[in-house]
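Everything below concerns the one structure shown next.
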Amino acid sequence: MTTPIDHIVFDIGKVLIHWDPTIPYQRIIPDADERRWFFENVCTHDWNMEQDRGREWPEAEAELIEKFPDHADNIRAFRKNWHEMVAPAYHDSVAVMESLIEQGHDVTMLTNFAADTFRHAREMYPFLNRPRGVTVSGEVRLIKPDIEIYRLHTATFGLVPERTLFIDDTAINVEGAKKAGWQAVQFIGIDTLRADLQRYGFSV
């Protein structure tokens with residue numbers, strides 16, 4: 001029997017840019033294997049460095065360019081074109097999120113956005129402007145899955161950890177939420193997300 005859930009938390013950092021290695025870098029990095037390597041070894045690291053530590057982009061970018069000088073152009077292009085990486089899988093998950101909100105369920109978002117990309121995302125996705133509610137992990141200048149990030153969200157919204165369901169597409173963050181006492185599932189696709197939510201008694 002699953003634990004009853006009062007509150008659902010979506011992590012919309014990487015879920016928002018749940019990357020498809022063909023978008024947009026097929027035109028910048030034609031080779032699929034090299035493109036995948038770039039995303040896994042450079043982009044994700046760069047993205048997290050900027051946002052989870054609350055740092056300015058140029059500082060994180062310079063560090064990565066120094067480490068991967070042969071990829072400097074692609075590192076710069078990542079920041080410039082990040083909004084093009086929104087894949088259909090994310091649009092589906094947004095629909096689920098908004099459906100839960102419209103049904104009256106208590107839903108918040110735990111984001112990794114830096115301030116400027118968050119402003120851009122709010123223009124693209126009106127649900128991010130809802131009063132309830134968003135916590136930016138960069139505010140505590142820690143990198144998930146540091147338990148203090150989950151404790152911050154719990155305290156901010158008055159959550160009961162064991163009755164809170166966390167959804168993230170990164171396994172280590174899911175495990176971090178579990179260590180903080182939350183229920184947690186990994187987002188690997190819209191069908192799995194629906195099945196997980198239904199298992200906890202939510203209709204989407």
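Atoms considered below: every heavy atom in the structure, side chains included; atoms not considered: hydrogens, waters and symmetry mates.
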Shortest non-hydrogen contact from [X] to [Y]?
X    : Y    : result
A180 : P161 : O-CB, 3.8 Å
N173 : Y150 : O-OH, 2.9 Å
F68  : I75  : O-CD1, 4.2 Å
H7   : H153 : NE2-NE2, 4.4 Å

Inset, instruction - Give me the one residue out of F202, F10, Y200 that meets ring-ring contact (aromatic ring centres under 6.0 Å, His included) with H105. - result: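 With H105 as partner, F202, F10, Y200 yield a single ring-ring contact (aromatic ring centres under 6.0 Å, His included), made by F202.
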Inset, instruction - Check the hydrophobic clustering (I, L, V, M, F, W, Y; side-chain heavy atoms under 4.5 Å; chains of links allowed) and say if L159 and I147 are grouped together. - result: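 Result: no, two separate clusters.
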Can you tell me how far the [atom1] atom of [X] sits from the [atom2] atom of [Y], to the nearest 0.5 Å?
X    : Y    : atom1 : atom2 : result
I101 : T108 : CD1   : OG1   : 9.0 Å
T192 : I167 : OG1   : CD1   : 11.5 Å
R151 : T156 : CZ    : OG1   : 13.5 Å
M97  : L193 : CE    : CG    : 8.5 Å
Q186 : D168 : CD    : CG    : 7.5 Å

Inset, instruction - From the options V185, I8, L110, select the one residue that forms a side-chain contact (heavy atoms from CB on, under 4.5 Å) with F166. - result: L110
Inset, instruction - Would you indicate whether D6, at its atom CG, is surrounded by more than 12 heavy atoms from other residues, nucleotides or ligands within a distance under 6.0 Å? - result: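 Yes, CG of D6 has more than 12 neighbouring heavy atoms, counting only those of other groups under 6.0 Å.
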Legend entry - Results of side chain to side chain contact (heavy atoms under 4.5 Å, CB included) for E162 - residues two or more places apart only: V160
